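Everything numeric here is computed off the predicted structure, so don't read it as measured data. Naming convention: chains lettered A, B, ... in sequence-line order (proteins, then strands); numbering from 1 in each chain.
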2 protein chains.
Amino acid sequence: MTRATLKDVAAHAGVSHQTVSNVLNGHPSIRPATRERVLSSISALDYHPNQAAKALREARVTTLCFASFGHDPDTLSDPYRNLIQAALTAEANAHGYSLATAFLDHGAASLEDLRQRYLQRVIGGAVIIGTQLRAAQWERITSWGLNVVLLDHLLPAPAHTVSADYRGGMAALVAHHVSRGRRDLALVLPTGDYGSTAMMRRDAFFEAAQACGVRARHVDGDWTYAAGERAVRELHAAGDLPDALLGGNDRMATGALSAAHRLGLSVPGDLAVSGFDDFDFVQYLHPTLTTVRVPHAEMAREAMRHLIALTGGEAPQAPAPYPVSLIVRDSA
Amino acid sequence: MTRATLKDVAAHAGVSHQTVSNVLNGHPSIRPATRERVLSSISALDYHPNQAAKALREARVTTLCFASFGHDPDTLSDPYRNLIQAALTAEANAHGYSLATAFLDHGAASLEDLRQRYLQRVIGGAVIIGTQLRAAQWERITSWGLNVVLLDHLLPAPAHTVSADYRGGMAALVAHHVSRGRRDLALVLPTGDYGSTAMMRRDAFFEAAQACGVRARHVDGDWTYAAGERAVRELHAAGDLPDALLGGNDRMATGALSAAHRLGLSVPGDLAVSGFDDFDFVQYLHPTLTTVRVPHAEMAREAMRHLIALTGGEAPQAPAPYPVSLIVRDSA
DNA sequence: ATGAAAGCGCTAACAT
DNA sequence: ATGTTAGCGCTTTCAT
């Protein structure tokens, strides 16, 4: 079945193809009668504009990209990604853009792939989840000229970033643990590259703990369930278990809970455990998880709006960090 | 910065633009010397073909679509979606296609959106997760002429489906529960529409239970954590708790575990709990979850290969159901 | 083995 | 208010 083109509609309505185009693009100075005739021809022929032709002629790209890290199933299946993807897709579609996906890693090939898609006009911009992005990679990407908005990353302008008030969230969390009598806090987070919010949260953690006069330590962990479990097991094996373990995300907190169960530790009796994100499933853990809620979906929508503005040549204002909130449940 | 076109490369190499095109598309009858010259011009000018122009001229679409259900965070954040999306993306990119995403629901708008994208030549085909697809929706989609491959759905040809051996998996699972002394099994699954694998698994469940001579019942649940929790709570409230609860997926099993904890039931002592999927996080539940592993990623790759073949005008053979395997852990 | 001409479906610029 | 001409960047067809 060969689909109708502008010309077919024009012939059917007895006007020039340009008039049809004008009607479609809402141009002024079209006689109502003509407009009516064109519109009825359009629906009679079930005409739909060819986006490829439009894109070529207008020299603009109608696909944007969502890039995130993770090849292993554990990282891939982080609910975080899904929520963000859904929000980005909805926002992009609402503005007439399609959203493609890219999965990055720390090798050269995945970045090269993204660059190819940019140079071939397949994608016009990208929202990148920054949590695992390394400084060198960021520099490469910016050197291409691709419009990029970073989620969960904090870099000075001219970078475009959307982030949450992790500093405030961490301060509230530490205060909560201390108010419950905890005096020896361990935070599991990746070491973090320049601009990473992990770095910022770690700093906020130490500041807050120091202000409260309690012991604070940092344990390295790469966001996975396994990392949370390992952290607790190693601290326990070293005979230096803290009285509160702060997971840098809900997955690591889940792993920590699991390790506590296996070691026969009671939570929160022997060890308080908290997370960061507030994903759905943490209400179904045992015990239910105390965590910091981060408005990932709203942040993603803002990032997409920002990207679309950039793509349209605007210079949108940097959004303020999004407020987070402490959700107290049973684990801490 | 304006990017190089075929003409620019041609001028730089001192040949016609057509010759450059021939070199790029690996046409025969190009003198090695010419070819060399063209290639060096290409890299000198950092030329990259414009996909929009190519797509227009070749009248083909280079973007495929991944469509799945779910607007609520619980469904959205099912790890299932992520694993499948990553596999589909990798396979699509490997074949030179981009992958867009669509989120469907049971309203008319989301399907209309998909249809628009098809008619506007934005997407050339789709892989759809069938678990929540209704018969009426499926009929609408097929009426368009869009190439579609269904994941986790079972419809007779000419539908294209990729599925797993759920029947065999269910039989093995029931046999396992019975071998551990269970005599009263409850399965939580949606009621399921025509072609849904939920329907097939439910049938297999009753057949297997009957063959073993044990009691079997079906409880309605919509794949969410909340549904699993509700199932256990309601059975318990009714004073007719089974001795094994089979979650139709890992999320519902997780919810069931949570309910058991809150009701003070020991697992697997008072109640055995099993899942279906084998996602990463079920190893971190307490107790660890006995489940049936489904090779979602491999199935997704096969679905994408199938779709790409369809898009290329081939008539690929229907793949056999993928084998599943019982993973015994602590919960059953 | 290479070049010239035509046109995919659309919009921008100009003419009427 | 509408029609005509030109061309986005590429590939297909046909000449040379």
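- Partner B:Ile129 forms a side chain to side chain contact (heavy atoms under 4.5 Å, CB included) with one of B:Leu150, B:Ile84, B:Leu104 and no other, that one being B:Ile84.
- Rounded to the nearest 0.5 angstrom, A:Gln116 CD and B:Gln51 CD are separated by 9.5 Å.
- Nearest heavy-atom pair across A:Leu76 and A:Phe103 is CD2-CE2, 3.5 Å.
- Residues A:Tyr322 and A:Val294 fail the side-chain proximity criterion, which asks for heavy atoms closer than 4.5 Å.
- In this structure, the helix from C:dA1-D:dT16 to C:dT16-D:dA1 shows an angle of 40° between the axis at its start and the axis at its end, each fitted on 5 base pairs and rounded to 10°.
- When all heavy atoms of B:His106 and B:Gln137 are compared, the closest pair comes out as CD2-OE1, 3.4 Å.
- Taking the side chain as every heavy atom from C-beta outward, A:Leu6 and A:Leu24 approach each other to under 4.5 Å.
- Considering only side-chain N and O atoms, B:Lys54 lies under 4.0 angstrom from the phosphate OP1 or OP2 of D:dT11.
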### Task
Summarise protein proximity over nucleotides 2-8 of chain D in one line of letters, 5' to 3': B for base, S for sugar-phosphate only, - for none, counting protein heavy atoms closer than 4.0 Å.
BBBBBBB
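- Taking 4.0 Å as the cutoff to heavy atoms of chain B, we find the contact window on DNA chain C bounded by C:dA1 to C:dG9.
- Contact check on B:Asp78 versus A:Arg81 returns no salt bridge, with no Lys/Arg side-chain nitrogen under 4.0 Å from an Asp/Glu carboxylate oxygen.
- Scored by the side-chain contact (heavy atoms from CB on, under 4.5 Å) test, B:Ala102 finds B:Cys65, B:Ala67, B:Leu114, B:Arg117 as partners (sequence neighbours excluded).
- No hydrogens or angles considered: a donor-acceptor pair under 3.5 Å links the side chains of A:Thr101 and B:Gln85.
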### Query
Given the rule in the side-chain contact (heavy atoms from CB on, under 4.5 Å) test, do B:Arg134 and B:Trp138 qualify, once you have shown the distances and angles that lead to the verdict?
CA-CA 6 Å; B:Arg134 296 191 180 146; B:Trp138 171 244; over 6 Å; no
With 3.5 Å as the limit, what N/O pairs link the protein to nucleotides 14-16 of chain D?
none

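- For the residue pair A:His95 / A:Asn93, no side-chain donor-acceptor distance below 3.5 Å is found, with atom types taken as modelled.
- Side-chain atoms of B:Asp113 and B:Tyr118 form no donor-acceptor pair, as typed in the model, at a separation below 3.5 Å.
- Applying the salt bridge (Lys or Arg N to Asp or Glu O under 4.0 Å) test to pairs two or more places apart or on separate chains, none has a residue in residues 100-109 of chain A.
- Distance B:Leu24 CG to D:dT12 C1': 15 Å, rounded to the nearest Å.
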